[in-house]
Number of protein chains: 2
Amino acid sequence: MTSKRANQWLASADLRPTRQRVALAEVLIGDGKHRHVTAETLFEQVKLGGEKVSLATVYNTLRAFCDAGLTQEVTVDGSKSYFDTNTYDHPHFYWDDTQTLTDAPADQMKITQLPDAPEGMEIGSVDVVIRLRKKN
Amino acid sequence: MTSKRANQWLASADLRPTRQRVALAEVLIGDGKHRHVTAETLFEQVKLGGEKVSLATVYNTLRAFCDAGLTQEVTVDGSKSYFDTNTYDHPHFYWDDTQTLTDAPADQMKITQLPDAPEGMEIGSVDVVIRLRKKN
DNA sequence: TTAAGTGCAAATTATTTGCAGTAAG
DNA sequence: CTTACTGCAAATAATTTGCACTTAA
């Protein structure tokens with residue numbers, strides 16, 4: 001049962017609902033919750049779901065989703081990129097032990113003052129990553 | 001003229017002052033100012049200074065500096081890593097057009113509220129990167 | 001001396017790309 | 001039909017590593 005949601009999500013960005021894209025979208029937003037994946041983890045998850053999508057396509061598709069504004073790329077540890085289905089500007093928790101990324105409650109963070117953008121520049125986004133480590 | 005500063009900096013972290021390390025330290029903190037480099041840019045700069053250090057050693061040395069707490073790794077765009085000689089927890093400007101990283105004035109930013117760390121976790125650091133893009 | 005550091009070239013990891021085949025509009 | 005999408009395998013980019021050689025202590 002392919003959720004209508006996934007198809008609408010793709011349609012909203014003028015992306016053709018190919019079998020692979022729908023499968024990926026399904027995993028990403030099928031239940032309406034936000035998700036944080038790497039190309040690799042998404043690849044695994046879609047395979048578990050029984051669909052076959054090549055890893056290259058996962059990469060290309062995530063890139064396409066980002067270009068279309070459906071997802072947001074979050075860089076956290078230099079090696080891999082994470083993709084977040086929540087495109088609203090919000091802080092993240094990065095769990096050092098499991099190397100996973102989750103949303104941090106945005107309402108519990110307040111930045112009351114921000115440096116001014118230098119001459120001729122403007123602020124594109126403010127990326128906040130709160131690194132968590134296991135307490136002792 | 002090899003500054004005393006570079007040698008002291010290495011000594012403070014119990015790192016042997018080899019020719020290569022001194023050369024790199026020289027570029028990094030020779031004038032007492034903070035610097036933000038990638039392995040590649042540091043490699044270029046040290047070459048301009050007339051010293052010969054292999055790229056692998058630049059990578060290994062930056063890693064050693066980080067392990068020793070002399071520098072801090074900053075991740076910003078997923079591909080390369082930046083190394084910052086300012087190890088104090090502070091925000092960064094990332095200039096999208098030139099792909100460079102600079103310090104943002106810490107005193108002009110105020111985070112008055114931060115999400116609590118989840119059960120059993122503690123906050124290691126709060127990484128803030130302010131992305132700048134050329135104003136139109 | 002001798003353990004730590006260095007340089008190369010080869011290995012790894014994450015990601016992108018070229019191109020022939022497949023499918024959506 | 002026709003153009004966009006997909007899959008594979010090869011290409012690339014950033015970084016690490018194995019190992020013989022060098023050097024600081």
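Because the structure is predicted, anything quoted here is derived from the model rather than measured.
- Atoms CG (A/Leu24) and C1' (D/dG7) sit 13 Å apart, rounded to a whole Å.
- Distance CG (B/Asn7) to P (D/dA24): 12 Å, rounded to an integer number of Å.
- The CG atom of B/Leu62 sits 13 Å away from the C1' atom of D/dA14 (whole-angstrom rounding).
- Counting non-hydrogen atoms under 4.0 angstrom, A/Ser81 reaches the backbone sugars and phosphates but no base.
- For A/Ala56, the listed nucleotide lying nearest its side chain is D/dC8; candidates were C/dG25, D/dC8, C/dT6.
- Residue order along DNA chain D, read from the 5' end via each residue's closest nucleotide, puts A/Val58 first among B/Lys80 and A/Val58.
- The shortest distance between the side-chain N/O atoms of A/Arg19 and the OP1/OP2 oxygens of D/dT6 is not below 4.0 Å.
- Nearest to the side chain of B/Val53, among C/dA4, C/dG7, D/dG7, sits C/dG7.
- Considering only side-chain N and O atoms, B/Thr61 lies nowhere under 4.0 angstrom from the phosphate OP1 or OP2 of C/dG5.
- Of the side-chain N and O atoms in A/Arg63, one or more sit less than 4.0 angstrom from OP1 or OP2 of C/dT16.
- Going from atom CZ of B/Phe83 over to atom P of D/dA14 covers 13 Å, rounded to whole Å.
- B/Tyr94 is not listed as a side-chain neighbour of A/Ser125, based on a closest heavy-atom distance of 4.5 Å or more.
- The phosphate of D/dC8 has OP1 or OP2 within less than 4.0 Å of a side-chain N or O from A/Lys52.
- The distance between atom CG of A/Leu15 and atom C1' of C/dA24, rounded to the nearest whole Å, is 13 Å.
- Atom pair A/Arg16:CZ and C/dT22:P shows a separation of 16 Å (rounding to whole Å applied).
- Remark: A/Tyr59 is in phosphate contact with C/dT15, judged by side-chain N or O atoms under 4.0 Å from OP1 or OP2.
- One atom, CD of B/Glu51, and another, C1' of C/dT6, lie 14 Å apart when rounded to the nearest Å.
- Note on B/Arg21: a side-chain N or O is less than 4.0 Å away from OP1 or OP2 of C/dG5.
- The 5' end of DNA chain D is approached more closely, in terms of each residue's nearest nucleotide, by B/Glu40 than by the other of B/Thr18 and B/Glu40.
- Set against C/dG7, C/dG5, D/dA14, the side chain of B/Ser54 has C/dG7 as its closest nucleotide.
- Remark: P of D/dA14 and CG of B/Leu42 are 15 Å apart, rounded to the nearest angstrom.
- Among the nucleotides D/dT15, D/dA25, C/dG25, the one closest to the side chain of B/Leu55 is D/dT15.
- When distances run from any side-chain atom of A/Pro17 to the nucleotides D/dC8, C/dG25, C/dG7, the shortest one goes to C/dG25.
- When atom types are taken as modelled, the side chain of A/Thr61 and the backbone of A/Thr57 share a donor-acceptor pair closer than 3.5 angstrom.
- For the pairing with B/Glu122, the salt bridge (charged side-chain N to carboxylate O under 4.0 Å, His left out) check across A/Lys135, A/Lys134, A/Arg133, A/Arg131 returns one residue only, A/Arg133.
- When the side-chain nitrogen and oxygen atoms of B/Gln20 are compared with OP1 and OP2 of C/dG7, one or more of them lie within a distance under 4.0 Å.
- Between B/Tyr88 and B/His90, the ring planes lie parallel to each other; the angle is under 30°, not in the 30° to 60° tilted range.
- The side chain of A/Thr57 places no N or O atom within less than 4.0 Å of a non-bridging phosphate oxygen (OP1 or OP2) of D/dT6.
- Residues A/Gln108 and B/Asp116 approach most closely at OE1-N, 3.6 Å, considering heavy atoms.
- Judged purely by distance below 3.5 Å, without hydrogens or angles, the side chains of A/Asp103 and A/His36 pair a donor atom with an acceptor atom.
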